[in-house]
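Below is one structure, written out as structure tokens; comments come after it.
Chain letters run A, B, ... following the sequence lines, proteins first and then strands; every chain starts at 1. Note that the structure is predicted; figures quoted are calculated from it, not measured.
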Amino acid sequence: MKKIHDSAASALDGLLRDDMLIAAGGFGLCGIPELLLQAIKDAGVTNLTFASNNAGVDDFGIGILLATKQVKKMMSSYVGENAEFMRQYLDGELEVEFNPQGTLAERMRAGGAGIPGFYTKTGVGTQIAEGKDHKDFDGETYIMERGIVADLAIVKAWKADDTGNLIFRKTARNFNVPAAMCGKICVAEVEEIVPRGSLDPDHIHLPGVYVHRIVQGEHEKRIEQRTTRKKEDA
Amino acid sequence: MPWDRNQMAARAAEELEDGMYVNLGIGIPTLVANYVGDKDITLQSENGMLGMGPFPIEGEEDADLINAGKQTITELPRTAYFDSATSFGMIRGGKIACAILGAMEVAENGDLANWMIPGKLVKGMGGAMDLVAGVKRVVVVMDHQNKKGETKLLKSCTLPLTGAGVVDRIITNLGVLDVVEGGLRIVECADGVTEDEICAATEATIVA
């Protein structure tokens, strides 16, 4: 089956509906599926829940879907780099479920690996543990967290072949791997689609079995905090 | 004289030993990297990197290469990249020797609060809960008192916890304290600061 699509809209065709749970890769604005988010905005679906570490900024990333009020709930570890997000959150229009960052990543990984729940010591004794199953193992207390299975995963990679094998670049890998794994269906946007056989099989970061559709496009790749040092200090 | 931010960071750097894998939080902890000297330290950035280098030279910023504070950084010859689940696997699994991070409050039993103030803007805990639960040793670097002069070293935390009983050592502008059975023990005083001054600035039980 052909996985390559010629536009983000085509790659999402037939997959979007109101009220769905979407897992999105990225950390801050690094490695976010910017083209697919724009296509979801254009599609106009609403009441979306996003499992995503962050929520973008006002005019980029998931922020563009907050501006149009297409998002009902965020499952995230760190938010609020964006004024419209905070307004909707404080006014009670937007629901936020805070997850410790590693718990969120593992919930996605587990969901994709067929593990419906797991025990972790992260958050024991904090608000996060309230209402969750507690269990002792080897004298230490753990809480149960649920795996996430998303209706759709949207991710950004550096290179793909036509079978969906993906390679990421530097720290842009981040949540893209676990997010892709937890989707019932996964759409990847990439900077370059390369011919089959040109990726070293030993260097594949995410095997194509997890990736159902691929689209190549131009990425803005915005920088959130540009920090530098002077050449003479180097 | 109490220590300033750089002196606190320099003191915190003394906690690090050759060969350690370390995670530094934002704020004063970030400055610790400036004081490791010749020690062979590998910095972990929880967004998916071991072997974090300094900020890039102007013009060499790479949008695909950032730290957990979303700042542009560089890689080193030793660098390895990985995904977020793997990153927190090594944190939760106890492979990271030490985390140095800031705090709003620490209690005498090692409870740590540094992620939210009820009624104020809540941005989330990020990776802080995973770090304090998972790394082998948690060192907190913080001012001893808040801007109103109230102590931040308490009998019990008033703010929602990041972790329960997780702190091993506290480095403040006044000195160094360890969390021990029954309370906090003064390990070291900043130059010119006395133990009596530390006791007077601390609500937590000080044990001998």
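By the 4.5 Å heavy-atom criterion applied to side chains, Gln101(A) and Phe88(B) are counted as neighbours. Between Ile204(A) and Leu206(A) the shortest side-chain heavy-atom distance does not fall below 4.5 Å. Using a 4.5 Å heavy-atom cutoff, the side chains of Val124(A) and Tyr119(A) are not in contact.
Asn99(A) touches chain B through its backbone: at least one of N, CA, C or O sits under 4.5 Å from a heavy atom, while the side chain does not. Proximity to chain A is absent for every atom of Ser45(B), based on heavy atoms less than 4.5 angstrom apart. Val122(B) touches chain A through backbone and side chain together, each having a heavy atom under 4.5 Å away. No part of Asp111(B) comes within reach of chain A, as not one of its non-hydrogen atoms sits under 4.5 angstrom from that chain. In this structure, no portion of Leu29(A) lies under 4.5 Å from any heavy atom of chain B. Looking at Tyr89(A), the atoms closer than 4.5 Å to chain B (heavy atoms on both sides) all sit in the side chain, from C-beta outward. Contact of Met86(A) with chain B is made through the side chain alone, with heavy-atom distances under 4.5 Å. Contacts of Leu65(B) with chain A are made by both backbone and side-chain atoms, with heavy-atom separations under 4.5 Å. Both the backbone and the side chain of Glu46(B) come within contact range of chain A, each with at least one heavy atom under 4.5 Å from a heavy atom of that chain.
Residues forming a ring-ring contact (aromatic ring centres under 6.0 Å, His included) with Tyr21(B) (at least two apart in sequence, or on another chain): none.
For the side chain to side chain donor-acceptor pair (under 3.5 Å) with Glu191(A), the lone residue among Arg169(A), Lys159(A), His219(A), Lys156(A) that qualifies is Lys156(A).
For the options Ala179(A), Gly102(A), Ala105(A), Pro178(A), heavy-atom pairs under 4.5 Å to chain B are most numerous at Gly102(A). The choice from Glu81(A), Gln127(A), His205(A) that makes the most heavy-atom pairs within less than 4.5 Å of chain B is Gln127(A). Counting heavy-atom pairs under 4.5 Å between each of Leu161(B), Asn47(B), Thr72(B), Asn67(B) and chain A puts Thr72(B) at the top. With chain A as the partner, the residue from Gly127(B), Pro56(B), Ala63(B), Ala133(B) showing the most heavy-atom pairs under 4.5 Å is Pro56(B). Between chain B and the residues Ala172(A), Ala110(A), Pro100(A), the largest count of heavy-atom pairs under 4.5 Å involves Pro100(A). Contact count against chain B (heavy-atom pairs under 4.5 Å) is highest for Thr227(A) among Thr228(A), Thr227(A), Ile128(A). Counting heavy-atom pairs closer than 4.5 Å to chain A, the top-ranked of the candidates Ala85(B), Gly89(B), Ala128(B) is Ala85(B). Between chain A and the residues Asp62(B), Thr162(B), Val132(B), Ile91(B), the most heavy-atom pairs under 4.5 angstrom are made by Asp62(B). When the candidates Val79(A), Thr103(A), Val177(A) are compared by the number of heavy-atom contacts under 4.5 Å with chain B, Val79(A) comes out ahead. Of the listed residues (Lys70(B), Glu75(B), Glu61(B)), the greatest number of heavy-atom pairs within a distance under 4.5 Å of chain A belongs to Lys70(B). Contact count against chain A (heavy-atom pairs under 4.5 Å) is highest for Ala68(B) among Ala80(B), Ala68(B), Gly165(B).
Using a cutoff of 4.0 Å between basic side-chain nitrogens and carboxylate oxygens, Lys72(A) and Glu93(A) are not scored as salt-bridged. In this structure, Asp151(A) pairs ionically with Lys184(A), as a charged nitrogen and a carboxylate oxygen lie closer than 4.0 Å. Between Glu97(A) and Arg107(A), at least one side-chain N (NZ, or NE/NH1/NH2) sits under 4.0 Å from a carboxylate O, which counts as a salt bridge. For Glu203(B) and Lys152(B), the salt-bridge test fails: no basic side-chain N is under 4.0 Å from an acidic carboxylate O.
Because its NZ or CZ atom is both nearer than 6.0 Å to the ring centre of Phe60(A) and within 45° of the ring axis, Arg222(A) counts as a cation-pi partner of that residue. Geometrically, Lys135(A) engages Phe137(A) in a cation-pi contact defined by less than 6.0 Å to the ring centre and at most 45° from the axis.
No side-chain donor from either of Thr151(B) and His144(B) sits under 3.5 Å from a side-chain acceptor of the other.
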